[in-house]
Amino acid sequence: MGSDFQTFQPLQPQGSGKQGRMLLATGLCLGILFLSSWLMPKPVPPPPAALPPAPALPVPAAPAPAAEAAPAPVEAEPAWTGELRGGDLLAVVTNEGAGITAVTCLRNPAAAVAYDSAAFQAPEGLPPLMAVSDPALLPQARWKVTQQDAASVRFETVLPNGLHLAKTVSLPPSGYLVQVRLEARSGAAAPASLAPEVLLLGPGEAQRDRASSAVQQVAALLERPDGSCVINREHAATIVKKGAWSPPKGVPNKDALPVRWGGLTGSYFAVMARVAEGRFAAMQARAYWKDPAAVRDDDKRDAGKDPAGAVLTMAPWSLAPGETRSATLLCYVGPKKADVLKAADAALPDILEWGFLGLGRPLMAVLDLAHRLSGNYGVAIILLTLVVRLAIHPLSRMGQVSMMTTAEKMKRLQPRLDEVKKRHKSNAKKLMEEQTKVMREEGMTPFSPM
């Protein structure tokens, strides 16, 4: 084994020759680097930048003419709501659209019916009642409140074309006619125009088991040349389903008939508007869908939640420079009672539906009489029921006697009818003839039970 392995000796330091060469090479490199940095030409520094001239002393400028001064930015009006109280109405008003958001009938307490006494409640996110819109005016733009008292408020705004608008909402000392005064004044520099549209939404009747729009109708009273009116109505749920509606339908000379009253009615309240000194040019009804996808998808339209509104169009206004024009609008917000409606306008009771052959009219007269006598609608309804039962008692007794007589005759005839059925069970035509013959012998006809 000893011959197969060699013994390695530890490394011994070499002579100083190699170390000297390494030190010499390092010194030469440092020397070349030093000489190159000393022999290379120095970079020429860029010329110093010219200093800007000293600023001149400020000289006060002459004030600019007032006509050339830039207009100060107009601050947006803050949101505002208030209450107005009349003799029979309590209204909540807002400057967002300068209209009414809620109306309560003070003389129609909730104890009398199963509904709230609120005759109107603006749906969330929609313009208020009696909001005026125009291509240059958003229906929910904020107006400035310039005057207010217990029963009235005045709003003002200026359109981009310089047209000054003012709207005064007033509640009457008695009755249910809200007065809205609309004024327009053009600037002195140029003429202006206005195409006002008035928005009406339905009564705020909330039912626990039914959608409120299911009992609402859009109604328009169209005035004939002789002054009489023709009613045109449609259910609000139908309008929500199909999207829009424009009256009238099937009315002679329909294009020439102006709108005397237009709006929406519910089961117990009505919201109708008219021009005090004129007529509306036209009325349209449209749905206001809460889901934007309902515009394209019919399945997204919900008649129970989406309200319908009436848009009443006035004739366009053209104003010369500096000209002022005004119009008074009347809005009935109150109960659907014939005498109350007639007090507001002789044609307004036409919005009522009296049922088959108008039988509801005498029944309502009896109910009102019973209420005046008793002072309570519960007692009045009981009295009306007794009156109706007494009135139809002869017919009811005749019907009961006829049914008893028919039952006795059928009991006697039944054995003969069974015998005829056995004999002619295979011949349906002969069976019918024999059964009719047997019944005639007893003085009976198919109408005998009636």
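The basis for the numbers below is simple: all heavy atoms, side chains too, and nothing from hydrogens, waters or symmetry mates. We're numbering straight along the sequence, starting at 1.
Inter-residue side-chain proximity for R279 and R274 is flagged as met; some heavy-atom pair is nearer than 4.5 Å. Looking at heavy atoms from C-beta onward, P191 lies out of side-chain contact with S186 at the 4.5 angstrom threshold. Between V180 and K167 there is a side-chain heavy-atom pair separated by less than 4.5 Å. At least one side-chain heavy atom of T328 sits under 4.5 Å from a side-chain heavy atom of E277. When side chains are defined from C-beta on, K336 does not count as touching Y268, because their heavy atoms never get closer than 4.5 Å. Looking at heavy atoms from C-beta onward, L329 lies in side-chain contact with V198 at the 4.5 angstrom threshold. L90 places none of its side-chain heavy atoms less than 4.5 Å from the side chain of L84. Here the side chains of V438 and V420 are in contact, with some heavy-atom distance below 4.5 Å.
In this structure a side-chain-to-backbone donor-acceptor pair under 3.5 Å is missing from E419 to R416. In this structure, D134 contributes its side chain and A195 its backbone to a donor-acceptor pair below 3.5 Å. The backbone N or O of E77 sits less than 3.5 Å from a side-chain atom of R142, completing a donor-acceptor pair. With S396 contributing its side chain and I392 its backbone, the two residues share a donor-acceptor pair below 3.5 Å. No donor-acceptor pair closer than 3.5 Å links the side chain of N95 to the backbone N or O of V145.
Within 6.0 Å of atom CZ in R423, more than 12 heavy atoms from other residues, nucleotides or ligands are found, so the atom counts as buried in its surroundings. Counting heavy-atom neighbours within 6.0 Å of K144 NZ, excluding the residue itself, gives a total of 12 or less.
Nearest heavy-atom pair across L319 and A184 is CD2-O, 3.4 Å. The shortest non-hydrogen separation linking P196 to V132 is CB-CG1, 3.9 Å. Residues F269 and C105 come closest through the heavy atom pair CE2-SG, 3.8 Å. Nearest heavy atom pair, residue C331 against residue V271, reads SG-CG1, 4.2 Å. Residue A166 comes nearest to R154 through the heavy atom pair CB-NH2, 3.3 Å, listed as atom of the first residue, atom of the second, then distance. Closest approach of G227 and R260 over heavy atoms only: O-NH1, 3.3 Å.
Note that OH of Y176 is 7.0 Å distant from CG of L89, once rounded to the nearest 0.5 Å. I351 contributes atom CD1, which lies 10.5 Å from atom CG of D345 (distance to the nearest 0.5 angstrom). Atom OG of S193 sits about 12.0 Å away from atom CH2 of W317, to the nearest 0.5 Å.
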Begin from the C-alpha positions of L129 and T101 and carry the test side chain to side chain contact (heavy atoms under 4.5 Å, CB included) through to its verdict. CA-CA 6 Å; L129 179 68; T101 59; over 6 Å; no

For W261 and Y332: C-alpha separation, side-chain torsions, deciding distance, then whether side chain to side chain contact (heavy atoms under 4.5 Å, CB included) applies. CA-CA 10 Å; W261 285 93; Y332 177 87; 4.1 Å; yes

Show your reasoning for whether side chain to side chain contact (heavy atoms under 4.5 Å, CB included) applies to L171 and V178. CA-CA 5 Å; L171 298 188; V178 180; 3.8 Å; yes

With side chain to side chain contact (heavy atoms under 4.5 Å, CB included) as the test, would you mind laying out the steps for W80 and V93 before giving the verdict? CA-CA 8 Å; W80 176 89; V93 291; 3.8 Å; yes

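Contact check on R85 versus E83 returns no salt bridge, with no Lys/Arg side-chain nitrogen under 4.0 Å from an Asp/Glu carboxylate oxygen.
At a cut-off of 3.5 Å, with distance as the only test, no side-chain donor of S374 or N376 sits close to an acceptor on the other residue. Side-chain contact annotation: S170 with R181, donor-acceptor N/O pair under 3.5 Å absent. Side chains of Q414 and R412: no donor on one and acceptor on the other come within 3.5 Å.
In summary, of the residues considered (I239, T238, N232, T265), a side-chain contact (heavy atoms from CB on, under 4.5 Å) with V218 occurs for I239 alone.
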